[in-house]
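These notes concern the structure reproduced below.
None of these values were measured; they are calculated from a predicted model. The chains referred to below are lettered A, B, ... by the order of the sequence lines, with proteins before strands, and numbering in each begins at 1.
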Number of protein chains: 2
Amino acid sequence: MTFRLNHLAVVVEDISQALAFWRDALGLPLSKREHNAEEEVEIAFLPLESGEIELIAPTNSESGVAKYLAKRGAGLHHICLEVPDIAAAMQRLRDHGIELINDAPKVNADGVRYCFVHPKSALGVLVELYELPRSG
Amino acid sequence: MTFRLNHLAVVVEDISQALAFWRDALGLPLSKREHNAEEEVEIAFLPLESGEIELIAPTNSESGVAKYLAKRGAGLHHICLEVPDIAAAMQRLRDHGIELINDAPKVNADGVRYCFVHPKSALGVLVELYELPRSG
């Protein structure tokens with residue numbers, strides 16, 4: 001089985017400043033920008049040939065991302081991989097003693113079922129798993 | 001133009017311990033392990049549907065990766081994107097005021113021409129660019 005990269009998230013202070021590097025200087029396309037009120041972040045999506053880079057900037061100083069930025073600075077934040085069956089993937093991780101941040105899959109507005117692996121168990125990497133909704 | 005992710009590098013203390021998570025618990029395939037004497041690292045390659053994850057562990061306490069690990073801890077290290085023409089990509093970056101770590105492309109043992117963008121210019125992300133050798 002191979003996994004597809006869904007996205008690689010990069011935390012930045014300011015989306016426009018980050019686009020000056022990623023889009024204008026490096027040349028990546030920008031597919032959309034969105035404001036996520038629940039997470040209190042602004043996101044810019046830069047598609048790769050497979051998967052995409054997400055630039056994430058906090059919109060206030062209270063959000064989880066704002067606190068991460070204050071503590072760790074801007075940079076690579078997390079990697080999200082697609083799995084065919086998130087419940088099975090979570091069970092397999094638990095069976096290997098891996099700690100998950102959420103015990104059951106969450107569901108986002110697009111119908112994606114997702115979870116996060118605790119970075120302690122993933123040797124310093126924040127890993128997100130996505131089960132995409134079945135189409136049709 | 002879209003960019004292909006060539007690899008995402010993750011610095012770890014110990015390859016076997018990291019494989020217990022990435023391969024055994026999460027289920028990614030392991031395509032090969034190699035010792036890179038020049039960089040003083042051991043590398044495990046875990047292919048994704050497109051691109052791969054590289055787990056990198058220092059083999060002594062003096063290497064650049066060892067010093068990074070001591071200072072920042074284990075975690076996401078750099079992202080490598082493929083470009084069709086690295087000289088053109090480097091010139092475009094310079095024209096936008098972006099600082100590069102190497103002034104001219106380096107060439108690795110596989111004939112890949114590569115360079116690194118300074119993380120200061122890439123807002124905290126270490127970005128590597130690859131121009132793959134033309135086949136045939």
Check each atom of [X] against the heavy atoms of chain B and say whether the ones under 4.5 Å are side chain, backbone, both or neither.
X         : result
Leu126(A) : neither
Ile98(A)  : side chain
Gln17(A)  : both

Could you have a look at [options] and say which one has the most heavy-atom pairs with chain A under 4.5 angstrom?
options                                 : answer
Val10(B), Leu5(B), Leu26(B)             : Leu26(B)
Asp14(B), Asp95(B), Ile79(B), Leu129(B) : Ile79(B)
Gly124(B), Gly97(B), Ala25(B), Gly75(B) : Ala25(B)
Ala18(B), Pro119(B), Ala20(B), Ala89(B) : Ala18(B)
Thr2(B), Ile53(B), Asp24(B), Leu8(B)    : Asp24(B)

Let me know if [X] has heavy atoms under 4.5 Å from chain A in its side chain, its backbone, both or neither.
X         : result
Glu82(B)  : neither
Val117(B) : side chain
Arg72(B)  : both
Leu46(B)  : neither

Could you check whether any side-chain N or O of Glu131(A) sits under 3.5 Å from a backbone N or O of Ile86(A), counting only pairs where one atom can act as donor and the other as acceptor? yes
Kindly say whether Phe45(B) contributes a backbone atom to a donor-acceptor pair with the side chain of Ser31(B) at under 3.5 angstrom? yes
